[in-house]
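The structure appears right after this line, and notes come after that.
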Protein chains: 2
Amino acid sequence: MADSQELRKAGLKATLPRIKVLEVLERSKLHHMGAEDVYKILLNAGEDIGLATVYRVLTQFEGARLVTRSNFEGGHSVYELNHGNHHDHILCVKCGKVDEFVDDVIEKRQRDIAAKAGYILTDHSLNIYGVCADCQSAAEQAQSIL
Amino acid sequence: MADSQELRKAGLKATLPRIKVLEVLERSKLHHMGAEDVYKILLNAGEDIGLATVYRVLTQFEGARLVTRSNFEGGHSVYELNHGNHHDHILCVKCGKVDEFVDDVIEKRQRDIAAKAGYILTDHSLNIYGVCADCQSAAEQAQSIL
DNA sequence: ATTTTAGATGAAAAAGATTCTCATTATCAT
DNA sequence: ATGATAATGAGAATCTTTTTCATCTAAAAT
């Protein structure tokens, strides 16, 4: 099956846990999932895969560039399939929803800043935190009830 | 003494642990310190202040806007005195050095992006990771030896 | 100056996320 | 099929941070 191929192409043995984790990442409607999320889905699906393995697999996937890891405030990280398109995140502090965005101007200025500071840029992370539209209207609802 | 005043002005009782933590933040040459760093300095200074208290105090300081907390990759956070000037961080993945920068263009685009996505912006964090000039030349040194 | 009282502290336990250990098992090349 | 190599599961370990709770202290009241 296709996932096995993809794993081997990435230089990883096509083991059951890896295939299953990859399936979860591909099939879930959530684009951003924590290790625990993946683990729970596998549990509910009746798979017998340990949490430690999920962590290991996700870390390997990251190394193999299959997924990208993002670290958010509060020591909470999520993984997402790497579709080649770099992007940053904007997330809701109420409901945890994660949206993506790209801004070429920001990207360029970051490179300039790194160069000016004498750094060889290896990575960057830009996260914007806020209250999403849904949670704003939910808050209004609550207001009107009180 | 001045620190007591500052604490009361911030709405916090001027207790010994708070004063000591504030002193450490003011006197250390490192501008960015983790809770553990502060704790160790206090230990070495012979102060009898628990790690839990350091965490509590730093969290309170953050709430009182005396310090700002930044979360870096790998679940590692640092605190720094809040001098009113917002800035982002660029840090060296080799030596851990942290530099600061501000870019008005980036700041503005972030606000625009949040607005366009329908979010009420509450916070943002931009961290650039790279290899600093010092570590680059250190790497060259190592090269020439081999 | 002494008492009062709300709030703060220290020590240890708990929690949460992630990594490590190691005996067992599965994968892939042969 | 089979063996060498690498991966897995379960639980222990680690690391950072938070919580609990009995004790203590800063600041207000007397």
Side-chain angles (χ1 to χ4, degrees), chain A residues 1 3-24 32-43 45-64 66-79 96, chain B residues 1 3-24 32-43 45-64 66-79 96:
Chain A
M1 73 200 1
D3 285 341
S4 307
Q5 307 287 312
E6 195 170 349
L7 286 170
R8 291 214 196 74
K9 212 185 308 175
L12 297 170
K13 274 194 195 171
T15 66
L16 204 82
R18 286 176 186 158
I19 292 170
K20 290 300 176 189
V21 169
L22 191 50
E23 278 182 14
V24 167
H32 303 80
M33 273 186 294
E36 195 80 27
D37 298 327
V38 174
Y39 176 63
K40 276 178 193 153
I41 291 173
L42 289 171
L43 268 195
E47 301 292 341
D48 185 25
I49 295 176
L51 178 56
T53 299
V54 173
Y55 273 104
R56 260 187 308 235
V57 168
L58 287 173
T59 302
Q60 290 159 347
F61 282 8
E62 190 190 7
L66 289 177
V67 304
T68 303
R69 174 180 176 163
S70 302
N71 305 285
F72 299 144
E73 305 256 329
H76 175 67
S77 1
V78 299
Y79 297 83
Chain B
M1 81 200 350
D3 285 341
S4 306
Q5 308 286 310
E6 195 171 348
L7 287 170
R8 290 212 198 75
K9 213 185 306 174
L12 298 170
K13 271 195 197 173
T15 66
L16 203 82
R18 286 176 185 159
I19 292 170
K20 290 299 176 189
V21 169
L22 191 49
E23 278 181 15
V24 168
H32 303 81
M33 274 187 292
E36 196 80 25
D37 298 326
V38 173
Y39 176 62
K40 277 179 192 150
I41 291 174
L42 289 171
L43 269 194
E47 300 292 341
D48 185 23
I49 294 176
L51 178 57
T53 300
V54 173
Y55 274 103
R56 262 187 306 235
V57 168
L58 286 172
T59 302
Q60 290 159 346
F61 282 8
E62 191 190 9
L66 289 176
V67 305
T68 303
R69 174 180 176 163
S70 302
N71 304 286
F72 298 145
E73 305 257 329
H76 174 70
S77 2
V78 299
Y79 297 83

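Here is the naming used below: chain letters follow the sequence lines, and residue numbers restart at 1 for every chain.
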Contacts of A/Ala10 that satisfy side-chain contact (heavy atoms from CB on, under 4.5 Å) - sequence neighbours left out: A/Ala64, A/Leu66
- line: Separation between CG (A/Leu12) and CD1 (A/Ile19), nearest 0.5 Å, reads 11.0 Å
Between the protein and nucleotides 9-11 of chain C, are there any N/O to N/O pairs under 3.5 Å, and if so, what are the atom names and distances?
residue: C/dT9; atom: OP1; partner: B/Thr15; partner atom: OG1; Å: 2.6
residue: C/dG10; atom: OP1; partner: B/Asp48; partner atom: O; Å: 2.7
residue: C/dG10; atom: OP2; partner: B/Gly50; partner atom: N; Å: 3.4
residue: C/dG10; atom: OP2; partner: B/Thr53; partner atom: OG1; Å: 2.4
residue: C/dG10; atom: N7; partner: B/Arg56; partner atom: NH2; Å: 2.7
residue: C/dG10; atom: O6; partner: B/Arg56; partner atom: NH1; Å: 3.2

message: With a 4.0 Å cutoff (strictly under), does any side-chain N or O of A/Ser77 reach OP1 or OP2 of C/dA17?
response: no
- prompt: When you check the phosphate oxygens OP1 and OP2 of C/dT18, does a side-chain N or O of A/Tyr55 lie under 4.0 Å from one of them?
  reply: yes
message: How long is the straight-line distance from CD of A/Glu47 back to NZ of A/Lys20, given to the nearest 0.5 Å?
response: 4.5 Å
- prompt: Of all the choices, D/dT18, D/dA27, C/dA17, which nucleotide is nearest to the side chain of B/Arg8 once you look at every atom?
  reply: D/dA27
- line: Whole-Å distance, B/Met33 CE to D/dT16 C1', equals 18 Å
task: Starting at atom NZ of A/Lys13, determine the distance to atom P of D/dA7, rounded to an integer number of angstrom.
output: 6 Å
Closest listed nucleotide, where the reference is the side chain of B/Arg69 and the choices are D/dT18, C/dC28, C/dG7: D/dT18
message: Expressed as a whole number of angstroms, how long is the span from A/Lys20:NZ to D/dA7:P?
response: 19 Å
Hey, can you pull the donor-acceptor pairs under 3.5 Å for the side chains in residues 53-60 of chain B, sequence neighbours left out?
residue: B/Thr53; atom: OG1; partner: B/Arg56; partner atom: NH2; Å: 3.2
residue: B/Thr59; atom: OG1; partner: B/Tyr55; partner atom: O; Å: 2.8
residue: B/Gln60; atom: OE1; partner: B/Arg18; partner atom: NE; Å: 3.2
residue: B/Gln60; atom: OE1; partner: B/Arg18; partner atom: NH2; Å: 3.3

- line: Double-helix bend of the helix from C/dA1-D/dT30 to C/dT30-D/dA1, axes at both ends from 5 pairs, round to 10°, gives 30°
- line: The answer to which of B/Leu51 and B/Ala14 contacts DNA chain D further toward the 5' end, by nearest nucleotide, is B/Leu51
- request: For A/Glu47 and D/dA10, give me the distance from atom CD to atom P, rounded to whole Å.
  value: 13 Å
- request: Rounded off to whole Å, could you give me the CD-to-P distance for the B/Gln5 and D/dA26 pair?
  value: 16 Å
- request: Would you please name every residue forming a side chain to side chain donor-acceptor pair (under 3.5 Å) with A/Glu73, sequence neighbours left out?
  value: B/Asn71
- prompt: Rounded to whole angstrom units, what separation is found between the CG atom of B/Leu58 and the P atom of D/dT18?
  reply: 10 Å
- prompt: Is any side-chain heavy atom of A/Val78 closer than 4.5 Å to a side-chain heavy atom of A/His76?
  reply: yes
Rounded distance (Å) that lies between atom P of D/dA7 and atom CG of A/Leu7: 12 Å
Pairs under 3.5 angstrom only: tabulate donor-acceptor contacts from the side chains of residues 32-42 of chain A to other protein residues two or more places apart or in another chain.
residue: A/His32; atom: NE2; partner: A/Glu80; partner atom: OE1; Å: 3.3
residue: A/His32; atom: NE2; partner: A/Glu80; partner atom: OE2; Å: 3.4
residue: A/His32; atom: NE2; partner: A/His89; partner atom: NE2; Å: 3.0
residue: A/His32; atom: NE2; partner: A/Glu100; partner atom: OE2; Å: 3.2
residue: A/Asp37; atom: OD2; partner: A/Gly34; partner atom: N; Å: 2.8

- line: Separation of D/dT8 atom P from A/Ile19 atom CD1, nearest Å, is 10 Å
